[in-house]
Amino acid sequence: AAVVCYLLYIDIATGDEWFLSFAFPAVGALGLIVTAITAVIKYVKRGYWYISSAAVLAVGGYTVLVEFLLYITFGIKTDFPWSFYPLAGCLVIGGALMVIAISKPLRRRVQKKFFI
């Protein structure tokens, strides 16, 4: 809430019109992601590999959202969108975490190897 209020103050002080079309949705989406992950970690006792996979995939999707909001608000368009690079990395890491979560022998081996 403090970040949203601060960004609203900056928007009003500069006289620009970017708060409702960029800052509020970007900060709101990040707040929802963090709140959802925190709530799931607190109330679910098992399945941390699945939760980690979902968190990484959500961050990858968030990068696409930020680029979309930049395009809508400021008209910034590039030949190849930058958000596909972190999205691809997050898909690989999230997929690997999902495979580890599904495969019990692999999960045990990773936990033993990394002292988890």
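Throughout, residue positions are numbered sequentially from 1 according to the sequence presented. All heavy atoms count here, side chains included; hydrogens, waters and symmetry mates do not.
Put simply, Y9 and V27 are part of the same group of oily side chains (I, L, V, M, F, W, Y) that touch within less than 4.5 Å, one to the next. At a threshold of 4.5 Å between side-chain heavy atoms, the hydrophobic network of Ile, Leu, Val, Met, Phe, Trp and Tyr places V44 and L97 in two separate groups. If you chain together hydrophobic residues whose side chains sit under 4.5 Å apart, L65 and V4 fall into the same group. There is no path of hydrophobic side-chain contacts, each under 4.5 Å, that joins L32 to Y43. A continuous path of ILVMFWY side-chain contacts below 4.5 Å connects L30 to I10, so both sit in one hydrophobic cluster.
The nearest pair of heavy atoms linking I100 to R107 is O-CB, 3.3 Å. Closest of all the heavy-atom pairs between I33 and A58 is CD1-O, 3.8 Å. Closest heavy-atom contact between L57 and C90: CD2-O, 3.7 Å. Pairing each heavy atom of W49 with each of V110, the nearest pair is CH2-CG1, 3.6 Å. Heavy-atom minimum distance, L87 versus T63: N-OG1, 4.1 Å. Closest approach of P25 and F19 over heavy atoms only: CD-O, 4.0 Å.
By the 6.0 Å contact criterion, OH on Y85 is open, its count of non-hydrogen atoms from other residues, nucleotides or ligands being 12 or less.
Taking OG from S52 and CD1 from I37, the interatomic distance works out to 9.0 Å, rounded to the nearest 0.5 Å. Atoms CG and CZ, on D16 and F74 in that order, are 7.5 Å from each other to the nearest 0.5 Å. Atom CG of L69 sits about 12.0 Å away from atom CZ of F24, to the nearest 0.5 Å.
Taking Ile, Leu, Val, Met, Phe, Trp and Tyr as members and joining any whose side-chain heavy atoms lie under 4.5 Å apart, directly or through other members, the hydrophobic cluster of Y50 also contains M98, I102.
Although no hydrogens or angles enter the test, the distance criterion places no donor-acceptor pair under 3.5 Å between the side chain of T73 and the main chain of W18. Formation of a donor-acceptor pair under 3.5 Å by the S103 side chain with backbone atoms of V99 is not found in this model.
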